[in-house]
Amino acid sequence: MEKKPKPGTLCVQAGWRPKKGEPRILPIYQSTTFKYETSEQMAKLFDLEEAGYFYTRLQNPTNDAVASKIAALEGGVGAMLTSSGQAAAFYSIFNICSAGDHVVSASAIYGGTFNLFSVTLKKLGIEVTFIDQDSSDEEILKAFRPNTKALFGETIANPAGSVLDIERMARIAHSQGVPLIVDNTFATPVNCRPFEWGADIVIHSTTKYMDGHATSVGGVVVDSGNFDWDAQAEKFPGLTTPDDSYHGLTYTKSFGRAAYHIKATVQLMRDLGSIQAPENAFLLNLGLETLHLRMPCHCTNAQAVAEFLQKDSRVAWVHYCGLPGDKYYALAQKYLPNGGSGVLTFGLKGGRDLSIRFMDSLKLAAIVTHVADARTSVLHPASHTHRQLSDEQLVAAGVTPDLIRFSVGIEDLEDILSDISQALDAATK
Ligand code: PLP
């Protein structure tokens, strides 16, 4: 049997396999549509009797090559690129939930996902109960109801930095007959592959480390192929009963282990759009080619920044799962032995005002909404990404008023540290 390539090889080579005379580099198929010889050929595609491209809102060869690279990296059976990470989170849930259904989610998640879950899904009749992911199995199980369809969490929460006990969460989800959906954006498959710990669906904001250069907003939904939808047929009728919009085809019968991501593509993408632009997929692919080189550098730099801040008497606290003594150190050792991410949080003695003065004094690190790309950047979540949240919701999301989110880039470490040092001096003088 052919040896399975290592992640670094998959980053560079997976997805696009050119045949004789084809371009070595993945082309951008900048075309909305695809040509056929006969009307019948096209009709078969519309009936899902044959696989093939017909309209880029559903599928495009550039996107598919990149999606299959990410599926290979995560160890899944297939994936679907979306126009943003938000769309990926929405589709991952909406593919198996409809009005009247319920989801259990960790409360320590990205603010945008929190809004999506608590405001927009509610308008669609899908209710989400938020749980403390560190509470006991018994506490978490109390949140489940007969109509619960999924458990959701982030491998490393943005910005709280909490590390999800994926194996335990998968066990809890499966005991209730539902899949575990994990947002693996911060860890990336280079540092953690949630399917290996029992997760069923993985999503990413590819906007972050996967692109890595802050060029393109995008997302992906990856299917492990491991969840047995038919074993819970009454819970997931969308996958296990006939779809009238495809002449009564049943996804699990027709596509087996690929049912979840094929339904997401041929039904949700068809009806709701939000496909990633092929040009963005091309840029994402360029980013992926160096993901295995960039992630270790982000993690080494972040570890050094965390240790540097911890030693400074003007710093009140530092959260980074790579610091011995951090609340999530033990979980990080289990799930992220090669490093977590480049993102850490800290607060200064002097609270919110000093935190803001410090940020305004940084020269190399830029104040941007973005996080997790090559350039060091900084943000004050309570004033920016999480400003819609109430004080109570802020606490549940792990965001204190003084919290600075520092996204350590891959610049020279010495320059990053001296920027922090001069900004601390300027803010406290
Ligand atoms: N998930 C996480 C962990 C994020 O950090 C973000 C954005 O910051 C998202 C999802 C949403 O992704 P996007 O901004 O690509 O829509």
Side-chain angles (χ1 to χ4, degrees), residues 63 66-67 70 74 79-94 105-121 128 133 152-164 166 181-189 191-192 194 199 201-222 272-277 280-281 283-284 287-288 295 298 321 335-336 340-345 367-373 375 377-382 384-389 397-399 403 405-408:
N63 290 29
V66 183
I70 297 172
E74 287 286 8
M80 174 183 84
L81 296 191
T82 56
S83 58
S84 68
Q86 283 299 105
F90 174 67
Y91 283 179
S92 73
I93 298 286
F94 202 60
S105 171
S107 58
I109 52 173
Y110 167 60
T113 311
F114 193 94
N115 281 336
L116 167 68
F117 285 3
S118 59
V119 180
T120 301
L121 286 189
V128 180
Q133 65 191 49
F152 183 95
E154 293 180 2
T155 308
I156 305 175
N158 175 15
S162 326
V163 177
L164 192 70
I166 301 172
I181 304 177
V182 172
D183 182 333
N184 197 31
T185 298
F186 272 19
T188 83
N191 283 343
C192 179
I201 307 296
V202 156
I203 65 160
H204 286 268
S205 165
T206 60
T207 321
K208 308 293 169 335
Y209 289 121
M210 282 194 168
D211 167 7
H213 302 80
T215 68
S216 323
V217 173
V220 67
V221 180
V222 194
L272 299 169
S274 309
I275 193 83
Q276 192 168 124
N280 283 4
L283 291 168
L284 168 59
L288 286 166
M295 287 313 290
H298 280 291
C321 64
Y335 294 108
L336 306 154
S341 76
V343 183
L344 55 94
T345 56
I367 300 175
V368 294
T369 308
H370 203 229
V371 66
D373 70 65
R375 291 158 196 80
S377 61
V378 67
L379 183 96
H380 186 240
H384 307 135
T385 44
H386 288 61
R387 67 181 296 129
Q388 289 87 351
L389 270 55
V399 179
L403 183 149
R405 185 184 73 186
F406 205 79
S407 175
V408 184

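Values below: every heavy atom of this structure, side chains too, minus hydrogens, waters and symmetry copies. One-based numbering, in listed order, for ligands and for the atoms of each.
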Which atoms of ligand 1 are found less than 4.0 Å from any heavy atom of Lys208?
6 (C), 7 (C), 8 (O), 12 (O), 14 (O)
Hey, can you tell me if Phe90 and Phe94 have their rings parallel, tilted or perpendicular (30° and 60° cut-offs)?
parallel
Is there a donor-acceptor pair under 3.5 Å between the side chain of His213 and the backbone N or O of Asp373?
no
Residue and atom name of the nearest protein heavy atom (relative to atom 13 (P) of ligand 1), distance in Å to one decimal:
Gly85 N, 3.4 Å
Of the listed options (Asp183, Val220, Ile156), which comes nearest to atom 3 (C) of ligand 1 when hydrogens are ignored and any heavy atom counts?
Asp183
4.5 Å side-chain heavy-atom contact, Ile70 and Leu284
yes
If we number the atoms of ligand 1 from 1 as shown, the ones under 4.0 Å from a heavy atom of Asn158 are 4 (C), 5 (O), 8 (O)
Check His204 against ligand 1 and report side chain, backbone, both or neither, counting heavy atoms closer than 4.0 Å.
neither
Show me which atoms of ligand 1 lie under 4.0 Å from any heavy atom of Gly218.
15 (O)
Give me the residue, atom name and distance of the protein heavy atom closest to atom 4 (C) of ligand 1.
Tyr110 CG, 3.6 Å
Please assess Arg405 against His384 for the test side-chain contact (heavy atoms from CB on, under 4.5 Å), listing each intermediate value before the final yes or no.
CA-CA 11 Å; Arg405 185 184 73 186; His384 307 135; over 6 Å; no
Numbering the atoms of ligand 1 from 1, which are under 4.0 Å from a heavy atom of Gln86?
11 (C), 12 (O), 13 (P), 16 (O)
Min N/O separation Ser205 to ligand 1 under 3.5 Å
yes
Whether His204 side chain and Tyr209 backbone form a donor-acceptor pair below 3.5 Å:
no
Please examine the side chains of Leu336 and Phe186, heavy atoms only from C-beta on, and report whether any two atoms are closer than 4.5 Å.
no
Side-chain contact, heavy-atom cut-off 4.5 Å: Pro159 with Val343?
no
One finds that the ligand 1 atoms under 4.0 Å from a non-hydrogen atom of Thr207 are 13 (P), 15 (O)
